[in-house]
Q: 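Have a look at this one before I ask anything.
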Amino acid sequence: MRELTFMAATREGLAEEMARDPSIFVMGEGIGARGGNFNSTTGLYELYGPWRLRDAPICERGFTGLCTGAAMAGARPVVDFMFIDFELDALGELFNQTSRIQYMSQGRIRMPILLRGCIGISGSAGPHHSGNYYPLFMHVPGFRVVVPTTPADAKGLIKTALRCDDPVLFLEHKGLLNVRGPVPDGEHLVPFGQAAVVREGRDVTVVAIALQVRHALEAATRLEQEGVSVEVIDPRTLAPLDTGTIVASVHKTGRLLIVDEDYAPCGVGAEIAAQIVDRALDDLDAPIRRLNGAFVPTPYSPPLESAAVPNVGRIAAAIRDLVAE
Amino acid sequence: MRELTFMAATREGLAEEMARDPSIFVMGEGIGARGGNFNSTTGLYELYGPWRLRDAPICERGFTGLCTGAAMAGARPVVDFMFIDFELDALGELFNQTSRIQYMSQGRIRMPILLRGCIGISGSAGPHHSGNYYPLFMHVPGFRVVVPTTPADAKGLIKTALRCDDPVLFLEHKGLLNVRGPVPDGEHLVPFGQAAVVREGRDVTVVAIALQVRHALEAATRLEQEGVSVEVIDPRTLAPLDTGTIVASVHKTGRLLIVDEDYAPCGVGAEIAAQIVDRALDDLDAPIRRLNGAFVPTPYSPPLESAAVPNVGRIAAAIRDLVAE
Amino acid sequence: MSIPGTVQLALYRQMLLIRRTEEQLVRSYQLGLIHGACHTCIGQEAVAVGVCAHLRPDDLVFSTHRGHGHALAKGVPPRAVIAELFGRATGCSGGRGGSMHLFAPEVGLMGTSGIVAASILQAVGAAYAFSLLKQERVSVAFFGDGAANNGAFHEGINMASIWQLPVLFVCENNLYATEVPFASVSRNPDVAVRAPAYGLPGQVIDGNDVLAVYEAAAEAVQRARSGAGPTLLECKTYRTRPHSEGMRDTGYRSAEEVEAWKARCPIKGLAAYLLSEGTATESELAQIEAEVQAVVEEALAFAERSPWPDPSTLTDHVYSL
Amino acid sequence: MSIPGTVQLALYRQMLLIRRTEEQLVRSYQLGLIHGACHTCIGQEAVAVGVCAHLRPDDLVFSTHRGHGHALAKGVPPRAVIAELFGRATGCSGGRGGSMHLFAPEVGLMGTSGIVAASILQAVGAAYAFSLLKQERVSVAFFGDGAANNGAFHEGINMASIWQLPVLFVCENNLYATEVPFASVSRNPDVAVRAPAYGLPGQVIDGNDVLAVYEAAAEAVQRARSGAGPTLLECKTYRTRPHSEGMRDTGYRSAEEVEAWKARCPIKGLAAYLLSEGTATESELAQIEAEVQAVVEEALAFAERSPWPDPSTLTDHVYSL
Ligand SMILES: Cc1ncc(C[n+]2csc(CCOP(=O)(O)OP(=O)(O)O)c2C)c(N)n1
Ligand SMILES: Cc1ncc(C[n+]2csc(CCOP(=O)(O)OP(=O)(O)O)c2C)c(N)n1
Ligand SMILES: [Mg+2]
Ligand SMILES: [Mg+2]
């Protein structure tokens, strides 16, 4: 299969769906002729022009509310936030309006809106450009939350998202954008709510999010040499969350570590741990452990930044500790 | 001891601190001469006038940013959001700025700001006036999150909050505002990070939040007649969270239920469950259970609204189930 | 502009329908039949009616917490409004929303909102969709003076203007936001004067004169529908009831002020004009009154006998599937 | 207003210091010594300098992602800025922030911000604190044309106006927000014309003329300090470097446009004026150049030899205790 970068795969998915559905438009800052800060729309302006690739003023709340209204009126907006940090100004619209209008209207109004942006700690982006924030959207009813790790999943999930009538938050880790991988041509849809077991193992289950999936795989390879067999799971979508796959894995391994560079409190790992201890307590041979980013605003300076985020070494150490429990 | 309502106790705490510290001012809609939608400032305008009791335009983001700047410049602002739902428009300011400025400035700038508002499902307030949202603030570093249940704690915690140099989110459940209870005169400070064991028991630990503490106590009384001894814990502050008290209780009872009318995913119960399964797995004689509000926008109609929220009967049932595990 | 007599009578009937429905809601509130908030628009009916008279069913209205009038003017049946406030399954939102969350997309009422200023952005968005999809539809944002100082006003109006979207911004300036006077939160008493800064036309209108509103809206709707862009209309008006039923109504405005505005009642004003111009007779107006009253009574009875929502439907419609 | 020669020379020196520091940062960026973004203000120095010349150390400045010039003009030493961008412990934010998060409250620099428009609200807040605490201090919000369409502009300026707060709003209109032309996101080319709607004075200024900025700011600072309220100053200017170092700079503006603005360099312009007026000689200017260059070189050396932050301090200062 041909290989594409993660971002090229996402863009291909978007381009295919825009060709298919003329009601799709993208709104954001510099996503027109410029093609997006992260090349999320490169080449599309030339095909579709300003009404479908709309450069907006710097008013995240405003254009999120606008896109919410556009979705209510029959369009399918894609809000391109560039960095997901900029979405915070729009949370009022998103939580009070976007996520609730289907419910309040008894399903007579649909909310087919895609919210996308780059997440993650990388490259000294500093306190205002390193956010993750997915737990906020898991907490509030109404959203689908998608966090792909591979180029193929990026394409397959954005296509599914662009056919979904619910608000979908589609998050791309900055550390993954240039990663290459095989991507199916044309119609390739990955369903929501199906985790991927990206490595099978017997001794311990590691659930990892986004870029941490790659780190976890590397840690698993290292540990193989030490005789520890690690199963790695990529949930792919956080809402809906495929707990079943995790339960089945823990049933086999008896041990669970969740690796997530985002903050621990009330995060993805907390939710997974809570579900597992509810559903699979008897399977647990050891405490459930979480390995998270440090509970600090993300600092700029490289030695501070790298101290703030899990890496292969720290994951391997956490697995060793867990196996020793 | 004299009795006060919850809201009168909070107001007394605020009034005492305003008398003590002339840099405190309150900003919000109708908190001046009107005294606040929930009487949070009744009588204070007459004492302190418009500069310290400032009626703002309807621009939650704007006055939150303003108060952030005022705190940076040496004042101690109280932002009165009325309903906490209205705070959502200000989350960009709060998460990117208010919570991070101490860190980014290396502690050279302090952020003594109090964010208050009413939470909770009650009285057919409907989808836009029933929010809780505390997990969002637990997830992001930099905040203190305070959720008192009794009038005495309301006074003692708001006074502590008004002497704290960090951003404090102070949340008052609408269903508690008129509850009366004994309140100490004058200097009464309740420290952050100390849970209250509001009822001792042997068989099962129930951690409950805000109004649910009262429901849990009632359920415990019912169950006593059935021979089940229930320990009830009110965390009082969610950040910092006093996990130690919960661990000690679970060590004794072996069973844990978290009751929270807020949404389950990535909520308080998830965080508590994750910490307990990490620190006290061997103490657990049964799965950790969560009883939460339904995962829906809060509906208006009474039969729907009451179906959406835990109550005494449902708590009792959940405890019975857990004891039977 | 000369407004045909039949249109004038239709405007009259519609305002009266809103007034009588609101009055019924007030009584029902006092009887404890309404469970949450209830913000009536008594005194402000002319704005909703004068604007919505120009809208087609597939034009879209986005409204506020004070939205009963907008809903009725856009064609939501009174029974569906009253039943919603009663929390019944037959309400226009199935009881999920109540007074501040009326939805009837089938007639173009895209929601009232419990959050101030949300209507502005959504209306701009609907207009964006119309332009994108090349539909000759228009959208309307109703909002209060309180919303005019919110960032949504700035961001929404600017985007509508730069992209020349088919939308009307209708500010109902009733001088207060709850108890906060507009004069205390804006150094400029007029909202419409802000329009030139954004590059769109703005106009101050007597919002208690339904014919004035009708005329201004005619032009604005025509401008929008023909692709000539948005308009900001500021309608000066007044609510003669408290901010919300059950709330105090003293301490922030004088009884004289309220009385003066009651004297400028848009319905009484139009009635006098219709009679003086000979457009209608006393008995014709009485006939309308009787018809409207019958509709409201029927609506009330409908609401009263309607079933409660089934709690087993609690989680329906959070997601599309 | 006649500006003393010594002041003119001080303005010149300060602009040059900013320019040379920025140029050093550009070189350092190209050498990979700067780890994150780096937005220079080359071409825009006159705004920061003309405004900050009127500020006392305890007046407060709130700045943007393009904030090196504001920091330097407010008195942050070049070494603390360069070290910060190098990510060193000796940087003005201890390496926690980098280019977009410069903090030096000890000289009144209350932060540059990676979030567009945040500066506006915080400056209004500081001004509120000054009024509350009866201090004769002023605050300044610097922001770009891009921020002018953000709700924070509307909400912040309105509050400053209604409460007559001692704050300056300084819009650096450099015609683009990243690659988006202001003309495409506002139907009105001027930001300052929006002022009357909010009831405060507004003024368009040649932002490449430091003496013009100095004069306008003098008046605005005086107005603020004397309790007569806020002012909106729009300084028309231009960045001659790409939006951010390492970014492309083609496709959205012409080489001719860039060259034309380079020809209007605020530093060259002032130099020519100083010489033509006889305020300074060539050799005096050369002397200033040499002194400034020495400061920048020393600052670079300082940054280079500075230690990295200790990872064990990672979680310090999240909370006050
Ligand atoms: C974002 C937000 N802030 C505050 C409120 C509380 N609130 C409800 S109505 C209202 C006043 C609105 O005033 P205005 O917009 O003038 O409308 P009016 O009530 O006068 O019709 C306020 C402050 C709210 N609903 N939403
Ligand atoms: C809220 C927010 N949205 C988007 C961005 C990304 N961004 C950084 S700088 C910039 C352009 C800012 O333009 P302007 O305000 O004119 O300042 P200039 O860069 O021209 O000095 C944008 C869009 C941001 N930092 N913050
Ligand atoms: Mg009003
Ligand atoms: Mg600019």
Q: For C/R88, what residues pass the salt bridge (Lys or Arg N to Asp or Glu O under 4.0 Å) criterion, not counting sequence neighbours?
A: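 Salt bridge (Lys or Arg N to Asp or Glu O under 4.0 Å) check on C/R88 returns nothing, list empty.
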Q: From C/L321 CG over to A/D165 CG, what is the distance, rounded to the nearest 0.5 angstrom?
A: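 It comes to 7.5 Å.
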Q: Indicate the atoms forming the closest heavy-atom contact of C/L133 with A/P22, along with that distance.
A: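 Where C/L133 meets A/P22 most closely, the heavy atoms are CD2-O, 4.4 Å.
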Q: Please classify the contact between A/M111 and chain C as side chain, backbone, both or neither, with a heavy-atom cut-off of under 4.5 Å.
A: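 Interface part for A/M111: neither.
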Q: Considering only heavy atoms, which portion of A/F63 lies under 4.5 Å from any heavy atom of chain C: side chain, backbone, both, or neither?
A: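 Both the backbone and the side chain of A/F63 come within 4.5 Å of chain C.
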Q: Counting only non-hydrogen atoms closer than 4.5 Å, does A/Q106 touch chain C with its backbone (N, CA, C, O), its side chain (CB onward), both, or neither?
A: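 Interface part for A/Q106: both.
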Q: Between A/N96 and chain C, with a heavy-atom cut-off of 4.5 Å, which part of the residue counts as in contact: side chain, backbone, both or neither?
A: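 Just the side chain, heavy atoms under 4.5 Å.
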Q: Between C/S93 and A/M104, which heavy-atom pair has the shortest distance, and what is it?
A: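 It is CB-O, 3.5 Å.
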Q: What are the two closest heavy atoms between C/Y128 and A/W51, and how far apart are they?
A: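 That would be OH-O, 2.7 Å.
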Q: Would you mind checking which part of C/S119 comes under 4.5 Å of any heavy atom in chain A, side chain (CB onward), backbone (N, CA, C, O), both or neither?
A: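 Nothing of C/S119, per the 4.5 Å heavy-atom cut-off to chain A.
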Q: State, yes or no, whether a side-chain contact exists between A/L66 and C/E155 at a heavy-atom distance under 4.5 Å.
A: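 The answer is no; the side chains never approach within 4.5 Å.
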Q: Of the listed residues (C/S131, C/G151, C/A104), which shares the most heavy-atom pairs with chain A below a 4.5 Å separation?
A: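 Sorted descending by pairs with chain A, the first entry is C/S131.
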Q: What part of A/A56 is in contact with chain C, defined as an atom under 4.5 angstrom from a non-hydrogen atom: side chain, backbone, both or neither?
A: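 Interface part for A/A56: both.
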Q: Please evaluate residues C/Q122 and A/I101 with respect to the criterion side chain to side chain contact (heavy atoms under 4.5 Å, CB included), reporting the C-alpha separation (whole Å), side-chain torsions for both, the decisive distance (0.1 Å), and the verdict.
A: CA-CA 11 Å; C/Q122 288 169 23; A/I101 279 173; 4.0 Å; yes
Q: Suppose a student defines contact as a heavy atom less than 4.5 Å from any heavy atom of chain A. Which residues in residues 156-163 of chain C would they list?
A: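 Interface residues of residues 156-163 of chain C: C/N158, C/M159, C/I162, C/W163.
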Q: Provide the closest heavy-atom pair for C/P105 versus A/R108 in the form atom of the first, atom of the second, distance.
A: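 Heavy atoms of C/P105 and A/R108 come nearest at CG-CB, 3.6 Å.
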Q: So which residues of residues 72-89 of chain A are in contact with chain C at a heavy-atom cut-off of under 4.5 Å?
A: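 Listed by number, the contacting residues are A/M72, A/A73, A/G74, A/A75.
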Q: State, with a plain yes or no, whether a side-chain heavy atom of C/R96 is found less than 4.5 Å away from one of A/Y103.
A: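 Answer yes - side chains close enough.
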Q: Do other residues, nucleotides or ligands put more than 12 heavy atoms under 6.0 Å from C/E136 CD?
A: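 No - once you tally the heavy atoms of other residues, nucleotides and ligands closer than 6.0 Å, there are 12 at most.
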Q: Is any residue of residues 164-173 of chain C within less than 4.5 Å of chain A by heavy atoms, and which ones?
A: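 Answer by number: C/L165.
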Q: If you compare all heavy atoms of A/R61 against all heavy atoms of C/A117, which two are closest, and at what distance to 0.1 Å?
A: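 For A/R61 versus C/A117, the nearest heavy atoms are NH2-CB, 4.4 Å.
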Q: Name the option with the most non-hydrogen atom pairs under 4.5 Å to chain A; the candidates are C/G94, C/G97, C/S113, C/S139.
A: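 Going by pairs under 4.5 Å, I would pick C/G94.
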Q: Mind checking the CD-CD1 spacing from C/E106 to A/I109? Nearest 0.5 Å is all I need.
A: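 Taking CD in C/E106 and CD1 in A/I109, the distance rounds to 9.0 Å.
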Q: I'd like to verify something: which residue of C/I115, C/L102, C/T313, C/D58 has the highest number of heavy-atom pairs under 4.5 Å with chain A?
A: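 That would be C/I115.
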Q: Rounded to the nearest 0.5 Å, what separates atom OG in A/S105 from atom NE2 in C/H317?
A: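 Answer rounded to 0.5 Å: 8.0 Å.
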Q: Which pair of heavy atoms, one from C/A118 and one from A/Q97, lies closest together, and at what distance?
A: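 Reported closest heavy-atom pair: CB-NE2, 3.3 Å.
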